[in-house]
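Have a look at the structure below, then the notes.
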Amino acid sequence: MQKYKDKKQYRYKNYDYSNNGFYFVTICTKNRGMFFGEIKNGKMKLSNTGIIAEKFWQQIHNHFSFVNLHEFVIMPNHIHGIIEINNDLVGTGHCPVQNNASKFSAVSPKSLSTIIGSYKSIVTKTINLKNRAVPCSYGDFGWQPRFHDRIIRDEKELDGASQYIINNPSKWEIEKNNPENLYM
């Protein structure tokens, strides 16, 4: 009889990810495909796919009125961003939109997972619709399952995360997500 592996816990047990607070989020592309562009001289040059990812990231607040966006960066194969959940802001936390590729999906809970899931969904739908006409060398666009987050607990951590995001493109040569560094 085959034993089932315990699922790895990616979130803090018994923590409510719809609580007010700051969250440092990293989302990676499927197989770390370099879909979003490339780093040239320490600066990110977005591809058309990267432009789509950036556009929808900037629109998160339009669909989740209880969210404030802080520093973020689109890298060749991942995104870093700081999301602030503030349930004291006006709004229902619901996104009643039409079901088409230019809108976020309907959501209900005000959790970080719902925000990221909705973002990943609309980016995937939009990119794959556009790529039907012009296939990408990395294949169909997709995300790695899940995402990484860190709860930011104080101003010092917020400043550190912000600086990390700002400096990320200039450190690409030594970045662990750079495929050229995987075998170093």
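We number each residue from 1, following the sequence as shown. This structure is a prediction, so every number in the text was calculated from the model and none was measured.
Within a 6.0 Å sphere centred on CG of D154, other residues, nucleotides and ligands contribute more than 12 heavy atoms. Within 6.0 Å of CG in D159 there are more than 12 heavy atoms belonging to other residues, nucleotides or ligands.
Of the possible polar contacts, none joining the K120 side chain to the P145 backbone as a donor-acceptor pair under 3.5 Å is found. A donor-acceptor pair is defined here as one N or O able to donate and one able to accept, closer than 3.5 Å; no such pair exists between the side chain of Y23 and the backbone of G81. Judged by distance alone, with hydrogens and angles left aside, the side-chain atoms of S121 form no donor-acceptor pair with the main-chain N or O of G117 at under 3.5 Å.
One finds the CD1 atom of I83 at 9.0 Å from the CZ atom of F64 (value rounded to the nearest 0.5 Å). A distance of 15.0 Å separates OH of Y164 from CD of E157, quoted to the nearest 0.5 Å. A distance of 5.0 Å separates CG in N20 from CG in N87, rounded to the nearest 0.5 Å. In this structure, CZ in F35 is found 7.5 Å from OG1 in T49, a value given to the nearest 0.5 Å. Atom CG of residue N31 and atom CD of residue Q144 lie 7.5 Å apart, to the nearest 0.5 angstrom. Of the inter-residue distances, the one linking M75 atom CE with C28 atom SG reads 11.0 Å to the nearest 0.5 angstrom.
Here the closest non-hydrogen pair linking I85 and S111 is CD1-C, 4.4 Å. In terms of heavy-atom proximity, T29 sits nearest to G33 at OG1-O, 2.7 Å. Taking both residues in full, the closest heavy atoms of Y119 and A53 are given as OH-O, 2.8 Å, listed atom of the first, atom of the second, then distance. What you find for W143 and V123 is that their closest heavy atoms are CZ2-CG1, 3.6 Å. Of all heavy-atom pairs spanning V73 and P169, the tightest one is CG2-CG, 3.7 Å.
I51 is connected to I60 through a chain of hydrophobic side-chain contacts under 4.5 Å among Ile, Leu, Val, Met, Phe, Trp and Tyr, so both are in one cluster.
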* Asked: Between F66 and I115, does a side-chain contact (heavy atoms from CB on, under 4.5 Å) hold up when you go through it step by step?
  -> CA-CA 10 Å; F66 57 93; I115 297 161; 3.9 Å; yes

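Looking at residues two or more places apart in sequence or on another chain, you find a side-chain contact (heavy atoms from CB on, under 4.5 Å) between E54 and L46, Q58, F72, I74.
Ring planes of F22 and H70: tilted class, angle from 30 to 60°. Using cut-offs of 30° and 60° for the angle between ring planes, the F24 and H80 rings count as tilted.
Put simply, the side chain of M44 reaches to within 4.5 Å of the side chain of P76, judged on heavy atoms.
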